[in-house]
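All of these numbers come straight from a predicted model, not from anything done at the bench. Proteins come first, then strands; the chains are lettered A, B, ... in the order of their sequence lines, and each starts at number 1.
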Number of protein chains: 2
Amino acid sequence: MSKNISEHLKKNGIKPSLQRTKIYEYLIENKNHPTVDQIYNDLVKDIPTLSKTTVYNTFNLFMEKNIITIITIEENETRYDADTTFHGHFKCDECGEVYDFDIDDIQINKDILKDFQINERHLYFKGKCKDCLKK
Amino acid sequence: MSKNISEHLKKNGIKPSLQRTKIYEYLIENKNHPTVDQIYNDLVKDIPTLSKTTVYNTFNLFMEKNIITIITIEENETRYDADTTFHGHFKCDECGEVYDFDIDDIQINKDILKDFQINERHLYFKGKCKDCLKK
DNA sequence: AATATTAATTGTAATCATTACAAATTTAAA
DNA sequence: TTTAAATTTGTAATGATTACAATTAATATT
Ligand SMILES: [Mn+2]
Ligand SMILES: [Mn+2]
Ligand SMILES: [Zn+2]
Ligand SMILES: [Zn+2]
């Protein structure tokens, strides 16, 4: 498991240090789109010397190397996702959970973006999740 | 023109002060999705006493009353839009311009969001605009 | 292996957008 | 006009992110 992660980092030009490996592993295993604080607070239990700066540095490096994507649903909270395939996010206003969903197709008016080069696409919804609606 | 704006604010339960009217008018006339700084710097020419806090307060009020939407494409820059109909945004990495585009249809896997209540939908693209590609 | 070089991590301070808050001003009510 | 309520303003506080220099770890050279 950890072997795969090292290999994947190497393949993308990232030297797999302990911190980088653990951070990436966390993203792969917990598909909950964590914030820097969440991941720091969880990983510092494993790596007591961990610095929040390292988490920021590592995310910025992962972004440069395009192995993660950034999720900016709320103005004040940045989340990260190891799933770089195109998919949508639903954030529940009540519990704060961020769910993934599959996108089959998006049809837009091509006239406006004719001759534009599209590099990234992001789709997200907000509302109340099933569990929170039950209450 | 300004009459329409006052009426529209009143209709949505907002007392149309000078500041609020000018800010909303700006959003209507300049469809460039301004940041707080942009709008403050432009409007302070007209209203020399204007405070940036007022711009923040006003946007928050407009948000509560649902007459504007917030655009969070970049982590560090919040933009605002007086067009509350569902439409997409394209941000050019090069010049920073934010373009609108029409969305005809979005097809998603309904299984996952079954029984979820969707209140907001946001779609944005990033890349290079036609003008910047020419260079 | 020991030493020198380079890269990664860490802690602290700086930055910047946004909010909190209280004082000043404006508007509406009595 | 006097009083009360709402709005605006300026300044201070907050919080997330970055800058930067020092420390530690990894790699290369002798
Ligand atoms: Mn995701
Ligand atoms: Mn728009
Ligand atoms: Zn929920
Ligand atoms: Zn451009």
Next on the checklist: What is the separation between atom NZ on A:Lys10 and atom P on D:dA26, rounded to the nearest whole Å?
Outcome noted: 14 Å
Item to check | Along DNA chain D (nearest heavy atom to each residue), the more 5'-positioned of B:Ile14 and A:Tyr56 | outcome: B:Ile14
Item to check | Side chain A:Ser17 and base C:dT9 donor-acceptor under 3.5 Å | outcome: no
Next on the checklist: I need the CG-P distance between B:Leu9 and D:dT7, as an integer number of Å.
Outcome noted: 12 Å
Next on the checklist: From C-beta outward on B:Asp37, which listed nucleotide comes closest to its side chain: C:dA17, D:dC20, D:dT8?
Outcome noted: C:dA17
Next on the checklist: Return the SG to CD distance between B:Cys129 and B:Glu94, rounded to the nearest 0.5 Å.
Outcome noted: 8.0 Å
Item to check | Near-ring test A:Tyr80/A:Phe59, centroid separation under 6.0 angstrom | outcome: yes
Next on the checklist: Applying a 4.0 Å non-hydrogen cut-off, can you work out what A:Gln19 is touching in the nucleic acid: base, sugar-phosphate, or nothing?
Outcome noted: sugar-phosphate
Checklist entry - Does OP1 or OP2 of C:dT9 have a side-chain N or O of A:Ser51 closer than 4.0 Å? => result no
Checklist entry - How would you label the contact of B:Lys15 with the nucleic acid (heavy atoms, under 4.0 Å): base, sugar-phosphate, or nothing? => result sugar-phosphate
Item to check | From D:dT7, C:dT10, C:dT18, nucleotide with atom closest to B:Val36 side chain | outcome: C:dT18
Item to check | Value in whole Å for how far the P atom of C:dT9 lies from CG of A:Leu43 | outcome: 13 Å
Checklist entry - Do B:Thr85 and B:Asp83 have side-chain atoms, one donor and one acceptor, less than 3.5 Å apart? => result yes
Next on the checklist: Side-chain N or O of B:Thr53 versus OP1/OP2 of C:dT18: is the shortest distance under 4.0 Å?
Outcome noted: no
Item to check | Short side-chain to backbone donor-acceptor contact, B:His122 and B:Glu120, under 3.5 Å | outcome: no
Checklist entry - Hey, what do you get for CZ (A:Phe101) to NE2 (A:His89), rounding to the nearest 0.5 Å? => result 8.5 Å
Checklist entry - How many Å lie between CG on B:Asn76 and P on C:dA14, as a whole number? => result 22 Å
Next on the checklist: Nearest whole Å is fine: how far is C:dA17 C1' from B:Glu77 CD?
Outcome noted: 12 Å
Item to check | Protein-nucleotide distance (A:Arg20, atom CZ; C:dT9, atom C1'), rounded to Å | outcome: 9 Å
Item to check | Sugar-phosphate only, base, or nothing, as touched by A:Asn57 at under 4.0 Å among non-hydrogen atoms | outcome: base
Item to check | Nucleotide D:dT17, atom P - distance to CD of B:Glu74 in whole Å | outcome: 14 Å
Checklist outcome for this item: Rounded to whole Å, the CD1-P distance (B:Ile47 to D:dT7) equals 16 Å
